[in-house]
S.K.: 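Below is the structure I would like to discuss, written out as structure tokens.
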Amino acid sequence: MAQKPSIPKGTRDFTPQEVSKRQYIINTIKGQFELFGFQPIETPSFENSETLMGKYGDEGDRLIFKILNSGEYLSKVDNGIYQKKDEVKLTPLISEKALRYDLTVPFARYVVQHQNEIDFPFKRYQIQPVWRADRPQKGRFREFYQCDADVVGSDSLWQEVEFIQLYDAVFTQLKLKGVTLKVNNRKILSGIAEVIGAKDKLIDFTVALDKLDKIGEEKVKEEMLSKGISALGIQMLEPLFNLSGDFGSQIRKLKEILGKSSEGLKGIEELDFINNAISKLGLQTATLKLDVTLARGLNYYTGAIFEVAAPEGVDMGSIGGGGRYDDLTGIFGLNNVSGVGISFGLDRIYLVLETLNLFPETVTGATKVLFINFGETEAMHCLELIQALRAENIKTELYPDAGKMKKQMTFANKRNIPYVVMVGEAEIQSRIYTLKNMASGEQQQLSRLEIIELLK
RNA sequence: GUGGUUGUAGCUCAGUUGGUUAGAGCGCCUGAUUGUGGUUCAGGAGGUCGUCGGUUCGAGACCGAUCUUCCACCCCA
């Protein structure tokens, strides 16, 4: 019995046109990655569960796709646990593998595992799909691509500076003008938390603060209160909510708020360094902006935090993000290796380029000329010609069946193939072929060399 | 995981308070045109109305479950 085919929620098929457009974005990003000296790696689509679990917080664990063990996976399970239906205890017993949730943690694992072969500082890029058991909505899928570039083994702030340039270079080349590169520093957030006496509630504090532009000052204060941050502390944040002015003046105001927090001041210093460098170097189309509310949920960031916002007027979440994580490899037993990296959200960039109509028309590598098939002898002759055209790098096809001419022409038309060549008895005799321009309808009689010249 | 929303032809969508044989546009196929597509004209095919169950004399429409779409939370690219 035939069943209606379907694909799982949050996944997609891609048509040839869509693949071409995606390749266009990927090739642009890849080209810039390599221009900046990054080398590609790939890691498996699934990892051992313990590699991933606990790295993204409780929320993250919930969103990791677990892979059921093979075979008699229930035989090892203790009856008590099974009957209590305790997922937290049961899951590790029946699932030992999980789908990759992002590219950063697998990369950390890779670095630790290959530490003796790697020449540090190691700059790697990675473009692969990741999976999240999330509820899909606009720009959110359960399978999507991340395009990551990271450097490990260097504390230098020049890396941060280069990543900002890299973002600028990619979006400039994609003709996506007006993206905002938001930066912040975890040390500043941590310093503020310290100053207001909420050092132990750093995560709750940052998650709430992160929502400022979305839910507003009052709601943020409410959330902080409900998470146990003191009213007095929240009052001290007042200047933070009204932070304005350019990068430099915001930094001066932050300095006042942070006062004696040495960690916070360190963060200020780092941001100041980055801003000075970028001011001198300049950006092509992007704008660098300090955003103290920028927190990003991932708890492994320790220094700089980046997020890329689509140009104003495009309703899309962030199209990229990243930051510095001083001790990511520590969880896998390799200490004192600092890393910093950024990520491009391919699927969201696609949606933004589509919305703004920024894909070049030439993005599809479609066939340029179709040879009409009149029969066995003619087809043989065509293939000899086609060989010659392909040798000149002209994308050429022979219609495989000697069907009706109308059908073959319709096919060329629907595929948007700009030229067709007709080779019948007369053409074979004279070795002068009929080339038709499908857009204008014009036809000319040309020799093999003339055709090559025209189409090359 | 919570709350809401959507599903009718290949696509975009109509379909009245429940009532005969479920429609349109576009697309598709055939012919006018056996060596000429895109325009025009004539004709044609295509539906278990997401799925399963219920209410009813009668369900595309009402009820329940489930899947799916999109949206808001949570979180995030």
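Remember, predicted model here, so these are calculated numbers, not experimental data. Just so we're on the same page: letters track the sequence lines, and every chain starts at 1. The figures that follow rest on heavy atoms only: side chains count, while hydrogens, waters and symmetry mates do not.
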S.K.: Using the six-membered ring wherever Trp is involved, compare the ring planes of Phe411(A) and Tyr399(A) and label them parallel, tilted or perpendicular (cut-offs 30° and 60°).
M.R.: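 The arrangement is perpendicular - the two ring planes meet at more than 60°.
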S.K.: Nearest of G35(B), G1(B), G37(B) to any side-chain atom of Arg135(A)?
M.R.: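 The closest nucleotide is G1(B).
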S.K.: Looking at Arg132(A) and Glu143(A), does any basic side-chain N land under 4.0 Å from a carboxylate oxygen?
M.R.: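 Here Arg132(A) does not pair with Glu143(A) in a salt bridge, since their nearest N and O are not under 4.0 Å apart.
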S.K.: Check whether any side-chain N or O of Lys211(A) sits under 4.0 Å from OP1 or OP2 of C75(B), and answer yes or no.
M.R.: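 The answer is yes; a side-chain N or O of Lys211(A) sits under 4.0 Å from OP1 or OP2.
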S.K.: Between Tyr350(A) and Phe359(A), what is the ring plane arrangement, given parallel below 30°, perpendicular above 60°, and tilted in between?
M.R.: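 Because their plane-to-plane angle lies in the 30° to 60° range, the rings of Tyr350(A) and Phe359(A) count as tilted.
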S.K.: Would you mind reading off the distance between Arg12(A) atom CZ and A77(B) atom P, rounded to a whole angstrom?
M.R.: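 These atoms are roughly 16 Å apart.
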S.K.: Looking at the base of G35(B), is there any donor atom on it, or on the side chain of Glu427(A), that sits under 3.5 Å from an acceptor on the other one?
M.R.: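 Such a pair exists between side chain and base.
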S.K.: So which one's nearest nucleotide on RNA chain B is more toward 5', Met409(A) or Glu59(A)?
M.R.: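 Nearer the 5' end of the strand: Met409(A).
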S.K.: Per the atom types in the model, does the base of G37(B) pair as donor or acceptor with the side chain of Asn413(A) at under 3.5 Å?
M.R.: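 Answer is yes: a donor-acceptor pair is held.
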S.K.: Write down the distance between NZ (Lys9(A)) and C1' (C71(B)), rounded to a whole number of angstrom.
M.R.: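 About 14 Å, once rounded to whole Å.
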S.K.: To the nearest Å, how far apart are Gln408(A) CD and U34(B) P?
M.R.: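 These atoms are roughly 15 Å apart.
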S.K.: Taking 4.0 Å as the cut-off, does a side-chain nitrogen or oxygen of Gln137(A) come that near to OP1 or OP2 on A72(B)?
M.R.: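 For A72(B), OP1 or OP2 has a side-chain N or O of Gln137(A) closer than 4.0 Å.
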S.K.: Within the structure, does a side-chain N or O atom of Lys404(A) lie under 4.0 Å from either OP1 or OP2 of G31(B)?
M.R.: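 True: Lys404(A) side-chain N/O within range (under 4.0 Å) of G31(B) OP1/OP2.
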S.K.: Could you pull out the closest heavy-atom pair between Asp148(A) and Ser343(A), with the gap in Å?
M.R.: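 Smallest heavy-atom distance, with atoms named: OD1-OG, 2.7 Å.
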S.K.: With nearest nucleotide decided by heavy atoms, which residue, Tyr145(A) or Phe411(A), maps closer to the 5′ end of RNA chain B?
M.R.: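 Closer to the 5' end of RNA chain B: Phe411(A).
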S.K.: Strictly by Watson-Crick or wobble contacts shorter than 3.5 Å, is anything paired with U20(B), and which nucleotide is it?
M.R.: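 None - no nucleotide pairs with U20(B), as no candidate has both distances under 3.5 Å.
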S.K.: Measure from CD1 on Ile215(A) to P on A72(B) and round the result to the nearest Å.
M.R.: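 The answer, rounded to whole Å, is 15 Å.
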